[in-house]
Novice: 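Take this structure first; my questions come after.
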Amino acid sequence: MLESTRRTPWRALIVALVAALLIPLMAAPQAQSASRFSDVPSSNQFSTHISWLAASGITTGYLDGTFRPKESISREAMAAFLYRMAGRPSVTLPSRSPFKDVSTKDQFYKEIVWLSKAGITTGYSDGTFRPKDDISREAMAAFIYRYEDRPSYSAPSRSPFKDVSTSAQFYKEITWLRSSGITTGYSDGTYQPKGDVTREAMAAFLYRLAKQSSGGSSGGGTTTPAPTIPSSFTVSGAGWGHGVGMSQYGALGMAEDGSNETQILEHYYSGTDVTTVNADEDIRVEVFGSYDDWWSSATVVVRSLGPDSTDDGQWVMRFYSDSGLTEKWTGKNNEKLHITRSGNSVTVERDDGEKATATKDISLQWEATSYYQSGSNEDVYVDIYKGNGASEIRATHGKYRHGKLLISAPEGRLIIANELKLNTEYLYGIAEMPSSWHGEALQAQAITARGYAMRAVDSGISRGCNCHLYDDTRSQNFTGWNKENEGTDAYYGKRWVAAVDATNSSGGANGEVVTYGGKIATTYYFSSSGGQTERSDDIWVSQPGYLKSVDDKWSLGEDNVNRAWTYSLSQSRAKSIFGLSDVVSIKVTSRTSGGSDAAAEKITATSSTGKTSSISGPDSIRSKLVGGKSPWIWSIKANY
């Protein structure tokens with residue numbers, strides 16, 4: 001039994017999205033070469049239509065470089081084509097599938113859910129969708145008619161096709177398809193409603209639909225208007241970050257669906273294991289001295305909750321030259337220690353004017369740490385301010401409760417590094433995931449952060465920063481005591497610390513990491529994707545075997561503000577990026593090998609003279625074109 005129909009107001013949104021996506025695509029529908037598919041020569045009857053389908057991002061073809069034009073199209077593939085044609089709108093995915101034969105883990109689950117929510121399908125009366133079945137020509141007509149918001153149309157009293165009765169279930173939809181110029185039927189006067197639809201025929205149908213939706217001629221031939229220079233472009237996409245490894249919103253979604261931290265990690269890092277290893281080592285993190293905090297002076301202050309009149313917040317500062325210790329100071333809370341650099345030497349001045357200089361480095365240790373007065377129960381921490389500290393403008397994005405500070409000027413710039421225990425103290429300060437998130441997601445984050453840090457320690461100290469890694473997105477975001485003490489009475493901080501502790505053992509000596517082939521894996525992670533992660537060799541160069549493209553539908557959950565975004569690109573910026581005199585259109589001309597939700601791999605701009613210029617590489621695309629958002633770009637609309 002064929003599926004029934006129903007109306008939904010959601011179609012109004014789809015019409016707007018279709019118009020926004022298709023008008024720029026159809027403004028100059030000159031055929032592109034179909035040579036990107038090895039089995040579609042330019043002599044193919046549908047070469048132009050297949051090329052348009054690919055250039056519009058509606059199909060990526062198969063991984064072997066073919067399109068397979070003569071194969072029949074399945075119902076799930078039809079759902080995917082229409083979803084992409086609509087601009088890949090944001091979809092809230094239910095945890096339970098609306099169809100009993102469509103799993104929430106199916107490749108096209110999102111697209112089928114969208115098809116259902118958009119009122120384009122209700123499935124069959126037995127509760128199935130039958131995703132693998134070939135779609136019939138009459139069902140295809142019904143899908144496209146509903147996609148177009150069931151336009152007002154009076155079917156003719158006499159059928160234009162000798163095999164379609166006026167009483168047929170989809171008579172109206174089939175005759176509307178013909179009246180719109182989307183189909184003419186077969187030369188023998190039939191429509192063959194029960195027949196299958198080939199992939200090349202579907203390309204032609206959707207191409208003609210695009211022409212019809214954008215006001216183009218439905219009978220053949222479209223007039224190309226004189227080029228108009230857009231004032232700007234609106235880029236639509238999804239996700240945030242490079243796309244390799246674990247998606248953090250994906251980890252959250254999997255945790256909420258019942259997966260534990262091991263299942264999350266083994267999903268995002270293909271073929272890996274979660275293993276307990278010895279992690280009892282120190283790590284050194286640069287917290288001041290490069291990137292946005294490159295200055296030649298700073299002020300450090302040891303803080304505690306006690307007033308100045310008490311002996312709380314005690315500290316010791318040691319000055320070193322190549323020959324050893326040259327000076328030692330002690331003090332207590334709230335005294336400002338003013339630091340300046342001259343060449344490779346560092347000088348500190350106390351509030352009373354006393355000064356001391358180190359030609360090698362300086363260490364600052366404070367009460368209630370493993371380095372100094374470890375038996376104290378005070379919550380002592382260190383603030384770092386810009387310049388002389390008079391205005392108390394923070395020079396870093398963290399406060400430092402654990403370990404010690406090492407102050408030096410190894411390459412003519414002032415460096416402050418926090419050295420502390422990797423497996424506990426450092427991980428407690430990692431601020432890469434909201435502490436309010438599900439505990440299993442937090443544990444997955446702790447495990448990836450531990451492995452990343454351990455690999456950095458194995459690589460040794462970098463002379464340029466006197467550190468193993470940085471405290472920002474160049475390495476891992478580390479805010480120290482700010483993270484550990486987050487919330488009223490450290491409520492959120494305690495949740496994060498508990499997640500870290502749940503992944504270590506033996507009193508903090510051992511911890512869980514992701515391993516591949518017996519070695520600690522490089523556990524890259526990022527915020528969210530456009531529905532799938534990316535292979536590392538598609539984004540960068542190397543492929544270690546476990547950084548593959550995997551399903552990431554959880555990134556598109558309603559909690560993620562970046563499940564769908566737009567970015568405004570001015571004409572002047574577009575000209576600068578592409579090196580053209582002007583830009584009249586910008587299109588995604590190639591995607592990575594990942595599949596239906598693949599990232600943009602090549603974006604091409606065209607000028608009013610017809611000259612083209614391209615940006616290649618997903619990482620380059622996201623940094624140059626959309627301000628670092630992500631490479632999952634669905635459409636680029638010209639604004640006039």
Novice: Between Leu177 and Tyr145, does the side chain to side chain contact (heavy atoms under 4.5 Å, CB included) criterion hold? Intermediate values first, please.
Specialist: CA-CA 7 Å; Leu177 203 70; Tyr145 178 74; over 6 Å; no

Novice: Please walk me through it: do Tyr567 and Val626 pass side chain to side chain contact (heavy atoms under 4.5 Å, CB included)?
Specialist: CA-CA 6 Å; Tyr567 183 85; Val626 292; 4.2 Å; yes

Novice: Just by distance, do the side chain of Asn260 and the backbone of Thr262 share a donor-acceptor pair under 3.5 Å?
Specialist: yes

Novice: Check whether any side-chain heavy atom of Leu115 lies under 4.5 Å from a side-chain heavy atom of Leu82, and answer yes or no.
Specialist: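 Yes. Closest side-chain heavy atoms under 4.5 Å.
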
Novice: Where is the tightest heavy-atom contact between Leu469 and Ala453, given as atom of each residue plus distance?
Specialist: CD2-CA, 4.1 Å

Novice: Does a side chain donor of either Thr523 or Thr448 reach within less than 3.5 Å of an acceptor in the other side chain?
Specialist: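 No - no donor-acceptor pair under 3.5 Å links their side chains.
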
Novice: May I have the step-by-step check of side chain to side chain contact (heavy atoms under 4.5 Å, CB included) for Ile577 and Ile615, ending in yes or no?
Specialist: CA-CA 8 Å; Ile577 291 171; Ile615 306 172; 3.2 Å; yes

Novice: Do Lys483 and Ser435 get their side chains close enough for a donor-acceptor pair, meaning under 3.5 Å?
Specialist: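 Ser435 and Lys483 do have a side-chain donor-acceptor pair below 3.5 Å.
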
Novice: Quick check: Trp437 with Tyr249 (ring centres under 6.0 Å apart)?
Specialist: yes

Novice: Side chains of Val40 and Phe67: closer than 4.5 Å at any heavy-atom pair?
Specialist: yes

Novice: Backbone N or O of Gly617 within a donor-acceptor pair of the Ser620 side chain at under 3.5 Å?
Specialist: no

Novice: What are the two closest non-hydrogen atoms of Phe526 and Val244, and how far apart are they?
Specialist: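 Nearest pair, atom of Phe526 first, then Val244: CD2-O, 3.4 Å.
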
Novice: For Ser616 and Ser614, does a side-chain donor sit closer than 3.5 Å to a side-chain acceptor?
Specialist: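 Ser614 and Ser616 do not have a side-chain donor-acceptor pair below 3.5 Å.
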
Novice: Under 30°, 30 to 60°, or over 60°: which ring-plane class applies to Tyr268 and Trp554, parallel, tilted or perpendicular?
Specialist: perpendicular

Novice: Counting N and O atoms only, with roles assigned by atom type, does the side chain of Glu440 sit under 3.5 Å from a partner on the main chain of Gly258, one being a donor and the other an acceptor?
Specialist: no

Novice: Between Trp565 and Gly239, which heavy-atom pair has the shortest distance, and what is it?
Specialist: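 Between these two residues, the closest heavy atoms are NE1-O, 2.9 Å.
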
Novice: Which value, rounded to the nearest 0.5 Å, describes the distance between Asp39 atom CG and Glu200 atom CD?
Specialist: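 Asp39 atom CG to Glu200 atom CD measures 10.0 Å (nearest 0.5 Å).
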
Novice: I'd like to know if the side chain of Ser259 reaches the main chain of Ala255, judged simply by a donor and an acceptor atom lying under 3.5 Å from each other, with no hydrogens or angles considered.
Specialist: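 Checking the backbone N and O of Ala255 against the side chain of Ser259, no donor-acceptor pair under 3.5 Å is found.
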
Novice: Looking at Glu266, is its backbone amide N or carbonyl O close enough to the side chain of Thr272 to form a donor-acceptor pair, meaning the two atoms are under 3.5 Å apart?
Specialist: no

Novice: Distance only, no hydrogens: is a donor on one side chain within 3.5 Å (strictly under) of an acceptor on the other, for Asp552 and Ser529?
Specialist: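 Looking only at side-chain atoms, Ser529 and Asp552 do form a donor-acceptor pair, the distance falling under 3.5 Å.
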
Novice: Is there side-chain contact between Gln571 and Ile229, with heavy atoms separated by less than 4.5 Å?
Specialist: yes

Novice: Closer than 4.0 angstrom, basic N to acidic O: yes or no for Glu76 and Lys132?
Specialist: yes

Novice: Would you mind reporting whether Val513 and Val274 have side-chain heavy atoms less than 4.5 Å apart?
Specialist: no

Novice: What I want to check is whether the side chains of Ser231 and Asn639 have a donor and an acceptor closer together than 3.5 Å.
Specialist: no

Novice: Any chance you could measure Ile621, atom CD1, to Trp632, atom CH2, to the nearest 0.5 Å?
Specialist: 12.0 Å

Novice: Cationic tip of Arg68 within the cone over Tyr62's six-membered ring, i.e. under 6.0 Å and within 45° of the normal?
Specialist: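 Flagged: Arg68 positioned over aromatic ring of Tyr62.
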
Novice: For residues Tyr525 and Gln476, is any side-chain donor paired with an opposing acceptor at under 3.5 Å?
Specialist: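 Yes, Gln476 and Tyr525 have a side-chain donor paired with an acceptor closer than 3.5 Å.
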
Novice: May I ask you to check whether Ser90 and Arg563 show a side-chain donor-acceptor distance below 3.5 Å?
Specialist: yes

Novice: Does either side chain, that of Ser555 or that of Ser247, offer a donor lying less than 3.5 Å from an acceptor on the other one?
Specialist: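 The criterion, which ignores hydrogens and geometry beyond distance, is satisfied for Ser247 and Ser555.
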
Novice: For the side chain of Asp106 and the backbone of Tyr109, is there at least one donor-acceptor N/O pair under 3.5 Å apart?
Specialist: no

Novice: Can you name the closest pair of heavy atoms from Trp114 and Ala79 and give their distance?
Specialist: CZ3-O, 4.3 Å

Novice: More than 12 heavy atoms of other residues, nucleotides or ligands under 6.0 Å from NZ of Lys548: is that the case?
Specialist: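 Atom NZ in Lys548 is not packed in, count stays at 12 or less.
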
Novice: Could you tell me whether the side chains of Asn562 and Ser527 share a donor-acceptor contact shorter than 3.5 Å?
Specialist: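 Not at all, the side chains of Asn562 and Ser527 share no donor-acceptor pair under 3.5 Å.
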
Novice: Test side chain to side chain contact (heavy atoms under 4.5 Å, CB included) on Val197 and Met78 and set out the steps.
Specialist: CA-CA 10 Å; Val197 182; Met78 177 79 181; over 6 Å; no

Novice: Got a sec: does the NZ of Lys602 have more than 12 other heavy atoms crowding it under 6.0 Å?
Specialist: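 No, not enclosed.
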
Novice: For Asp537 and Gln543, indicate whether the former's side chain and the latter's backbone hold a donor-acceptor pair under 3.5 Å.
Specialist: no

Novice: Counting heavy atoms not belonging to Tyr492, are there more than 12 under 6.0 Å from its OH?
Specialist: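 At most 12 heavy atoms, drawn from other residues, nucleotides or ligands, come within 6.0 Å of this atom.
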
Novice: If you count heavy atoms of other groups shown closer than 6.0 angstrom to OH of Tyr524, is the number above 12?
Specialist: no

Novice: Can Arg88 be said to sit on top of Tyr83's aromatic six-ring, NZ or CZ under 6.0 Å from centre and within 45° of the ring axis?
Specialist: no

Novice: Is there a donor-acceptor contact under 3.5 Å linking the side chains of Thr48 and Trp52?
Specialist: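 Trp52 and Thr48 do not have a side-chain donor-acceptor pair below 3.5 Å.
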
Novice: Taking the inter-plane angle between the rings of Tyr546 and Tyr516 on a 0 to 90° scale, is it parallel (under 30°), tilted (30 to 60°) or perpendicular (over 60°)?
Specialist: tilted

Novice: Can you name the closest pair of heavy atoms from Ile182 and Phe205 and give their distance?
Specialist: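 Nearest pair, atom of Ile182 first, then Phe205: O-CD2, 3.2 Å.
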
Novice: Look at the side chain of Glu148 and the backbone N and O of Arg150, then say whether any donor-acceptor pair between them is shorter than 3.5 Å.
Specialist: no

Novice: How many angstroms lie between NZ in Lys637 and CD1 in Ile586, if you round to the nearest 0.5 Å?
Specialist: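 Separation between the atoms: 12.5 Å.
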
Novice: Which distance, rounded to the nearest 0.5 Å, do you find between the OG of Ser630 and the CD of Glu534?
Specialist: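 Nearest 0.5 Å value for the OG-CD distance: 9.5 Å.
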
Novice: If you round to the nearest 0.5 Å, how far is CD of Glu71 from OG1 of Thr198?
Specialist: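 Rounded to the nearest 0.5 Å, the OG1-CD separation comes out at 10.5 Å.
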
Novice: Taking atom types as modelled, find out whether Arg495 and Ser436 have a side-chain donor-acceptor pair closer than 3.5 angstrom.
Specialist: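 Judged by distance alone, the side chains do not pair up.
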
Novice: Between the side chain of Arg199 and the main-chain N/O of Pro69, is any donor-acceptor distance below 3.5 Å?
Specialist: no

Novice: Let me see the working for Asp134 and Ser74 under side-chain hydrogen bond (donor to acceptor under 3.5 Å, both in side chains), right down to the final yes or no.
Specialist: CA-CA 4 Å; Asp134 295 334; Ser74 65; over 6 Å; no

Novice: Can you check whether Asp551 reaches Gln532 side chain to side chain, under 4.5 Å on heavy atoms?
Specialist: no

Novice: Taking atom types as modelled and ignoring hydrogens, do the side chains of Asn477 and His397 form a donor-acceptor contact shorter than 3.5 angstrom?
Specialist: yes

Novice: Are the side chains of Ile633 and Ile603 in contact, using a 4.5 Å heavy-atom criterion?
Specialist: yes

Novice: Give the minimum heavy-atom separation between Pro618 and Asp538, together with the two atoms involved.
Specialist: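 It is CD-O, 3.4 Å.
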
Novice: Within the distance-only criterion (no hydrogens, no angle test), does the side chain of Ser97 pair as donor or acceptor with the backbone N or O of Lys100 below 3.5 angstrom?
Specialist: no

Novice: Are side-chain N/O atoms of Glu601 and Thr592 paired as donor and acceptor at under 3.5 Å?
Specialist: no

Novice: Cation over ring, Arg474 on Tyr470, under 6.0 Å and within 45°?
Specialist: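 So Arg474 does make the cation-pi contact.
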
Novice: Counting C-beta onward and ignoring hydrogens, is there a side-chain heavy-atom pair between Trp176 and Ile144 closer than 4.5 Å?
Specialist: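 Side-chain contact under 4.5 Å: yes.
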
Novice: Measure the NZ-CG distance between Lys624 and Leu569 for me, rounded to the nearest 0.5 Å.
Specialist: 13.5 Å

Novice: Evaluate the side-chain proximity of Ser95 to Thr104: yes if any heavy-atom separation is below 4.5 Å, no if none is.
Specialist: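 SC-SC contact between Thr104 and Ser95 ruled out.
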
